[in-house]
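Since the structure comes first, as structure tokens, the remarks are kept for the end.
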Protein chains: 2
Amino acid sequence: MKEFKTEKCPDTTACPDAVTVDVIGGKWKGIILYNLISGLKRFNGLGRLMPYTTKRMLTLQLRELEQDGIVHREIYREIPPKVEYPLTAFVETLKPIIYLMRDWGDVYGNEVIMKRKVSVNM
Amino acid sequence: MKEFKTEKCPDTTACPDAVTVDVIGGKWKGIILYNLISGLKRFNGLGRLMPYTTKRMLTLQLRELEQDGIVHREIYREIPPKVEYPLTAFVETLKPIIYLMRDWGDVYGNEVIMKRKVSVNM
DNA sequence: CAGAATCCAGGCCGATACTG
DNA sequence: CAGTATCGGCCTGGATTCTG
């Protein structure tokens, strides 16, 4: 059994799944990955697909994904500036998980949200 | 394409994977599920497996999992009290994801953590 | 266009103490 | 044993402004 210690998960047992959550579980990472998988985007194009996200958060989350080697930041030195965020080969290792999560959300997402609304009203 | 709006993800497009993150992506939920899958536990027994978690957080996270229908809270009216947290049938729908996440963490977790350490020192 | 910088409120979460 | 209650720090993340 491997052991991991991340900032958010210093427990020494049973952490591998927590590491994965840490990589794809950020506040906007799911949606970012979903949109980038559906096609190459640049910064503002991605932002337009996520109207509730601020540029600030988009930047922060993209930098984390970049740091983890999941997206690449391709800077074109032009005016006006142009920055694209192609996915790396590494993201292929995550796609099975992302797709399963998307499918699960499709099937059970509303059910979970309903359960939460019910217990709020009690 | 279904649309979801959760508290944490009010964007109306491409949210199903974010819903899933919301269900299993809490700070300690990965480890909790991992430990509960490996066998029925009671409250303090679970806590002993996660020495960095406080009872407070354990309670909060377990209650969320309970609300989402993933774990059941079985209270035995005894003295001293005894509370067990068996998994529900619903967790079976999540197991493929959890297992994939665990496997991914086993294989790539250290790699990601290394990448982060490197860029911290720059 | 693609950010960076700053400010600031809210809430997340740890520590501690208490309870049936 | 299995929690609850309370307090407080700090960090996340939103709003706004500024820049090359």
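Here the structure is a predicted model, which is why all the values come from computation and not from measurement. Here is the naming used below: chain letters follow the sequence lines, and residue numbers restart at 1 for every chain.
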- Query: Which residues satisfy the side-chain hydrogen bond (donor to acceptor under 3.5 Å, both in side chains) test with A:T93, sequence neighbours excluded?
  - Reply: B:W104
- Item | Expected output: side-chain B:T88 to main-chain B:I70 donor-acceptor under 3.5 Å | yes
- Would you indicate whether A:I79, at its atom CD1, is surrounded by more than 12 heavy atoms from other residues, nucleotides or ligands within a distance under 6.0 Å? no
- With sequence neighbours excluded, what pairs up with B:P81 under the side-chain contact (heavy atoms from CB on, under 4.5 Å) test? none
- Message: Test of understanding: with side-chain contact (heavy atoms from CB on, under 4.5 Å), list the residues that count as partners of A:R63, not counting sequence neighbours.
- Response: A:T59, A:E66, A:R73, A:Y85
- Query: Judged by atom type as modelled, is there a donor-acceptor pair below 3.5 Å linking the side chain of B:T53 to the main-chain atoms of B:L58?
  - Reply: no
- Message: Let's see if you get this right: which residues in residues 54-61 of chain B place a heavy atom under 4.0 Å from DNA chain C?
- Response: B:T54, B:R56, B:M57
- Would you please name every residue forming a side-chain contact (heavy atoms from CB on, under 4.5 Å) with B:V21, sequence neighbours left out? A:M101
- Just how large is the angle between the end axes of the helix from C:dC1-D:dG20 to C:dG20-D:dC1, five pairs per end, to 10 degrees? 50°
- For B:Y85 and D:dC1, what is the distance between atoms OH and P respectively, to the nearest whole Å? 14 Å
- Message: Suppose the criterion is salt bridge (charged side-chain N to carboxylate O under 4.0 Å, His left out): which pairs have a residue in residues 37-57 of chain B, not counting sequence neighbours?
- Response: none
- Message: Closer than 4.0 angstrom, basic N to acidic O: yes or no for A:K29 and A:D22?
- Response: no
- chain B contact limits on DNA chain C, taken 5' to 3' with a cut-off of 4.0 angstrom to heavy atoms: C:dC13 to C:dG20
- Item | Pairs flagged by salt bridge (charged side-chain N to carboxylate O under 4.0 Å, His left out) wherever residues 89-98 of chain B is involved - sequence neighbours left out | B:E92-B:K95
- Mind checking side-chain contact (heavy atoms from CB on, under 4.5 Å) for B:E78 and listing every partner two or more places apart, or none if nothing turns up? B:Y76, B:K82
- Separation between CG of A:L46 and CG of A:N35, rounded to the nearest 0.5 Å: 6.0 Å
- Using a cut-off of strictly less than 4.0 Å between a heavy atom of the residue and any atom of DNA chain D, enumerate the qualifying residues of residues 72-82 of chain B by number. B:R73, B:P80, B:P81, B:K82
